[in-house]
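Predicted model, so just to flag it, every value in this text is computed and none were measured. Letters A, B, ... mirror the listed sequences (proteins, then strands); counts begin at 1.
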Amino acid sequence: MIRKSALLGILNYCKYGMLHKLLVINNFPQTHFHTSTGHRKDPVSKDIVIYENFESIENKSKKTYLEMIKIFETRGTHRTGHVEFIYSALKNMKEFNVEKDLEVYKALIDVLPKGKFIPTNMFQAEFMHYPKQQQCAIDLLEQMEDNAVLPDKEVETMLLNIFGKRGYPLRKLWRIMYWMPKFKNLSPWPVPQPLPNDTLELAKLAVARIGSVDIQTQISVFQSKDIPEALEDTWIVSAQSPTQCRLLSEHDVSQPIYVEGRFRIWMKNVPITYFILRGDAKIAPRSVVDLDDVSNISVPFFSYGIPPKQDIVPVPSVHEQEDGVIFAVCVTGTSGRDSLLSWIRHLEKNGNPNLASIPVVFTLKSPEKDLANIETAVATEK
Amino acid sequence: MMNLILTKTLKCCKLKLNNIQKLELNISAPLNAFWERDEKGGYADNRKLPPRTQMIRDGFKELKHEIALWSQEMKEKFECDPILDYRAGETDIVWNFESPNALQQWVITSDSDHNEGHSKCDLVVNKYGKGLFTGFLNTDVPDDGRIKRAGYCNMRTLRARKSFKRDSYLEWAPYNLLVMKVRGDGRSYMLNITTKGRFDLTWNDTYHYVLYTRGGPYWQVSKIPFSKFFFTSKGRIQDRQYAIPLNRVTHFGISVGDKIKGGFSLEIDYIGLEYNPNHTEEFAYEMYQTEKFIVAT
């Protein structure tokens, strides 16, 4: 009875996440000690809590993170609770901003003892010798994979020394080493790694990426204050190719063109807002001819004449699409209506005198918002 | 949802407090390693069925379409006029969004459908007659202690079929390129070609490749060789890789789940196929000889 009430007390206490530690300390019989996540911990708090936890550290940096690992390593010869420690460390990587650091992952793997987990016979090898520890290492490797951290030869050597060549973490590592390099540089539009923090640099990259559709695209950076009556003082990154200049000069001045936006392009995890200068579509609808209709076949030998004009058209450039002709693309510092007006004025000055006489219509969706960028992206990520 | 979690928690606490001797109560997920019971892996369609009379009425309505489909099939069979020449550089369009019932071909899913996340998505036809797959990818993990990661949106075609709802396969064998005219937003999307088989082991066979998008106002035409598609099952790349069996394709899908929280949009003009005689690669992934019992364990 007394024992039961004591246990009840402990179970109440375990709400604060200390059940497993206390059980070990008090040396209760562990025959019913089950390790599935269902009841060992309170289902509401999933954290594995240790005494010197990562959460309580104030100055969160790589240095303190590595120090924590060092403190753990030197705390005792047995390194009790190293699996729990690694899980807790993995969970707190984002706060310390080390989730993309290979050195940190290596330090964590190094916490595991060398030699002890290597199976010595085929039964041990087959039935996942030290399963908790192996699963912990697999989870660590998976977190590396999720954060696009490519392991190196040293990681393999460390894992070989810990789990032996038949360890499951090794299999995971070999899979990573086979697949990750294959996809690492696959993107046809690569972005610098890490991305620049400066908004202007990001905008230049984004505009260059959009402009990569035409090899002649010229990217220019304007300042809106260079236009005398501008209200905003910001930068404008604009892209226009000579072909687009020609298309704009050929545009009928009585027809309006549109400044459209806000559109979004993702540079890795940063959304950049861009705007386009668009005219109505130029491509004439193709006349539908039923090729199977044999009732009226024209014989060129008898009825030779100059072919109708719509049959001969110059090859449309990449900027002439079904849904419109794109004359220019821009990203501005504020994404405000006034900065876009300055952009049009700058374009007029730089090789598009036609713009002075073409009516320009601003069809913008919610132009008051700020350019969604690094700060907001980071904030939303959190 | 919150209520459900709370009641579950309370139940757990009760169990704990009342019978301490029953600590071996196991509520972790069952491991069905030997065979699978459910084709959907437990993700059942929880929508309520209409009343029986309505179902009978709908069934008779379907009969009309099925007979029409069947007679079309029979006609084709007796005409016996298959395509013999798949000309190089000619794209045969499989899906576009011009016809009014084009959207009925597609099933849109996201992790919020089964309370496993908060992503939302939709597939619509815009005013230019193009498909627009758009939504918000949310990587927030729900607080149920079961889900480890979240954030996917997916569009997938219905299973290829013959008349009277008989399963069949898409006729993709003569082609070797997948051609897509899309306009993306700079994100990378995943192309999923499912080759679902008869047995439970092959129910989740899927071949994947990445669709990178430029972003911006310009359309892009992506031509992806089928040899590049790699073999997975339930989202895990398999150790033993095989080239995609193009005579066994059952579904095609596009998904987004690149771990970046935010809105996405992918405009699709068409999805087509092409035969390029110059592309001779059969499978892009080399295999290595390893020690025994390492691969696929």
Side-chain angles (χ1 to χ4, degrees), chain A residues 4 7-8 11-12 14-15 32-34 36-39 42-44 46 125-126 146 165-166 168 170-171 174-175 178-179 182-183 186-189 206-207 209-214 260 263-272 274 276 278 318-319 321-324 326 329 372 377 380-381, chain B residues 5-6 8-9 12-13 15-17 20-29 126-130 139 143-146 149 183-188 210 212-220 222 230 236-237 239 258-265 269 284-286 288 290-291 293-295 297:
Chain A
K4 199 170 175 181
L7 254 175
L8 272 175
L11 279 168
N12 273 332
C14 83
K15 278 180 192 162
H32 293 295
F33 191 77
H34 194 286
S36 84
T37 49
H39 58 83
D42 197 310
V44 174
K46 295 182 293 174
E126 179 59 32
D146 286 348
K165 63 177 182 173
R166 305 207 77 91
Y168 285 81
L170 265 300
R171 297 174 203 194
W174 291 327
R175 283 171 192 139
Y178 179 86
W179 289 105
K182 283 203 188 315
F183 297 111
L186 205 59
S187 172
W189 300 284
V207 170
R209 181 163 167 171
I210 295 170
S212 68
V213 74
D214 186 345
E260 288 189 341
F263 299 112
R264 184 175 45 212
I265 177 171
W266 286 90
M267 300 299 288
K268 205 92 194 164
N269 55 349
V270 185
I272 307 279
Y274 69 89
I276 60 170
R278 185 186 71 88
V318 73
H319 307 287
Q321 301 193 127
E322 279 175 64
D323 46 5
I326 289 136
V329 175
T380 48
E381 229 171 66
Chain B
I5 293 169
L6 207 70
K8 267 190 182 170
T9 320
C12 284
C13 289
L15 277 173
K16 267 185 201 166
L17 294 174
I20 292 144
Q21 296 308 314
K22 289 208 172 171
L23 270 175
E24 61 271 310
L25 169 79
N26 191 350
I27 59 164
S28 55
N126 68 8
K127 63 175 176 180
Y128 299 106
K130 317 289 182 203
T139 49
D143 302 328
D144 63 356
R146 190 172 59 93
R149 58 192 78 191
R183 177 156 66 178
D185 56 355
R187 280 185 190 256
S188 343
V210 199
Y212 293 100
T213 59
R214 187 198 297 110
Y218 300 102
W219 288 92
Q220 70 182 62
S222 292
F230 54 88
R236 292 276 174 194
I237 304 184
D239 284 352
D258 54 4
K259 297 177 196 135
I260 298 165
K261 188 177 174 177
F264 69 91
S265 78
D269 188 345
Y285 305 104
E286 75 283 9
Y288 295 108
T290 61
E291 271 192 65
F293 311 119
I294 290 287
V295 170
T297 48

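If you tally non-hydrogen atom pairs under 4.5 Å between each of B/E286, B/K130, B/R214 and chain A, the highest count goes to B/R214. With chain A as the partner, the residue from B/Y288, B/F293, B/F264 showing the most heavy-atom pairs under 4.5 Å is B/F293. Counting heavy-atom pairs closer than 4.5 Å to chain A, the top residue among B/W219, B/Y218, B/Y128, B/Y285 is B/Y218. In terms of heavy-atom pairs under 4.5 angstrom with chain B, the leader among A/W174, A/Y178, A/F263 is A/Y178. For the set A/D323, A/I276, A/V329, the count of heavy-atom pairs under 4.5 angstrom toward chain B peaks at A/D323. Among the candidates A/M267, A/K182, A/E126, the residue making the largest number of heavy-atom pairs closer than 4.5 Å to chain B is A/K182.
For the pair B/D185 (side chain) and B/S265 (backbone), a donor-acceptor distance under 3.5 Å is present. Checking side-chain atoms of A/R171 against main-chain N and O of A/R166 turns up a donor-acceptor pair under 3.5 Å. Panel note: side chain A/W266, backbone B/G263; a donor-acceptor pair is recorded below 3.5 Å.
For A/R175, the part lying under 4.5 angstrom from a heavy atom of chain B is the side chain only. For a residue to count as touching a neighbouring chain, one of its non-hydrogen atoms must lie under 4.5 Å from one of that chain's; by this rule B/T213 touches chain A with the backbone only. For A/L186, the parts sitting under 4.5 Å from any heavy atom of chain B are the backbone and the side chain alike. Of the atoms belonging to B/I294, heavy atoms from both backbone and side chain fall under 4.5 Å from chain A. Looking at B/D239, the atoms closer than 4.5 Å to chain A (heavy atoms on both sides) all sit in the side chain, from C-beta outward.
With respect to B/R149 and A/D146, a salt bridge is recorded, a charged nitrogen being found less than 4.0 Å from a carboxylate O.
Once rounded to the nearest 0.5 Å, the distance linking OG of A/S187 with NZ of A/K268 reads 8.0 Å. Between the CH2 atom of A/W189 and the CD1 atom of A/I265 there is a distance of 9.5 Å, given to the nearest 0.5 Å. Atom NZ of B/K261 and atom OG1 of B/T139 lie 5.5 Å apart (nearest 0.5 Å).
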Inset, instruction - Decide yes or no on side-chain contact (heavy atoms from CB on, under 4.5 Å) for A/I326 and A/Q321, but give the supporting numbers first. - result: CA-CA 8 Å; A/I326 289 136; A/Q321 301 193 127; 3.4 Å; yes
